[in-house]
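If you read the sequence from its start, that first residue is 1, and numbering goes on from there. Source: prediction; values computed, not measured. We use all heavy atoms of the structure for the numbers below, so side chains are in, but hydrogens, waters and symmetry mates are not.
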Amino acid sequence: GISRDKWHKRRKTGGRQNQLRGKRKFEMGRAPANTKLGHKRIHSVRTMGGNTKLRALRLDTGNFAWGSEGVAHKSRIIDVVYNATNNEMVRTKTLTKNTIVQ
């Protein structure tokens, strides 16, 4: 599975580190949500301690801040215009942080 451990990294000197133990629950990572543009669809994910996080699989609205005016409003997302990360994210209408939307 996806893990957030440090054993796959190299030492500061450049040498390899051997794994001292198996994977642990607290080192677990999860697959990205890859939130798309569309009618709202949210799943809950169980996390450590029995708590829950919400994974947005599809969204059509968002809270957008207008820095120069000092206001933030909930508004509808019409289209994904630009994403500095990847052009494929624009084509597939994937919503991430710092995505330019219309």
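Phe26 belongs to a hydrophobic cluster whose other members, connected by ILVMFWY side-chain contacts under 4.5 Å either directly or through intermediates, are Met48.
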Problem set entry | Verdict with reasoning, Leu95 to Ile77, per side-chain contact (heavy atoms from CB on, under 4.5 Å) | CA-CA 10 Å; Leu95 299 171; Ile77 304 168; 4.0 Å; yes
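Listed by first and then second residue, the salt bridge (Lys or Arg N to Asp or Glu O under 4.0 Å) pairs involving residues 18-36 are Arg21-Glu27 (not counting sequence neighbours).
Under a cut-off of 6.0 angstrom, the local environment of CG in Asn98 is sparse, with at most 12 non-hydrogen atoms contributed by other residues, nucleotides or ligands. By the 6.0 Å contact criterion, CZ on Arg76 is open, its count of non-hydrogen atoms from other residues, nucleotides or ligands being 12 or less. Atom CG of Asp79 has more than 12 neighbouring heavy atoms from other residues, nucleotides or ligands inside a 6.0 Å radius.
Side chain to side chain, Asn83 and Thr96 meet the donor-acceptor criterion of an N or O pair below 3.5 Å.
Residues passing the side chain to side chain contact (heavy atoms under 4.5 Å, CB included) test with Arg91 are Glu88, sequence neighbours excluded. Every residue two or more places apart in sequence or in another chain that forms a side-chain hydrogen bond (donor to acceptor under 3.5 Å, both in side chains) with Asp5 is listed here: Ser3, His8. Judged as a side chain to side chain contact (heavy atoms under 4.5 Å, CB included), and not counting sequence neighbours, the contacts of Asp60 are His39, Lys40. Every side chain to side chain contact (heavy atoms under 4.5 Å, CB included) that Ile2 has, sequence neighbours left out, goes to Ala31.
Two residues are said to be in side-chain contact when any heavy atoms from C-beta on lie closer than 4.5 Å; Thr99 and Met89 fail this criterion. Between Val101 and Phe64 the shortest side-chain heavy-atom distance falls below 4.5 Å. Taking 4.5 Å as the limit, some side-chain heavy atom of Arg16 sits within range of a side-chain heavy atom of Arg10. The side-chain heavy atoms of Thr35 and Thr94, taken from C-beta on, include no pair separated by under 4.5 Å.
Leu54 approaches Ser44 most closely through the heavy-atom pair CD2-CB, 4.0 Å. Of all the heavy atoms in Val81 and Gln102, the pair that sits closest is CG2-CB, 3.8 Å. Between Ala33 and Ala56, the closest heavy-atom pair is CB-O, 3.8 Å.
For the atom pair CG of Leu57 and CZ of Arg41, the computed distance is 7.0 Å after rounding to the nearest 0.5 Å. Distance check: His73 NE2 to Asn63 CG gives 9.5 Å after rounding to the nearest 0.5 Å.
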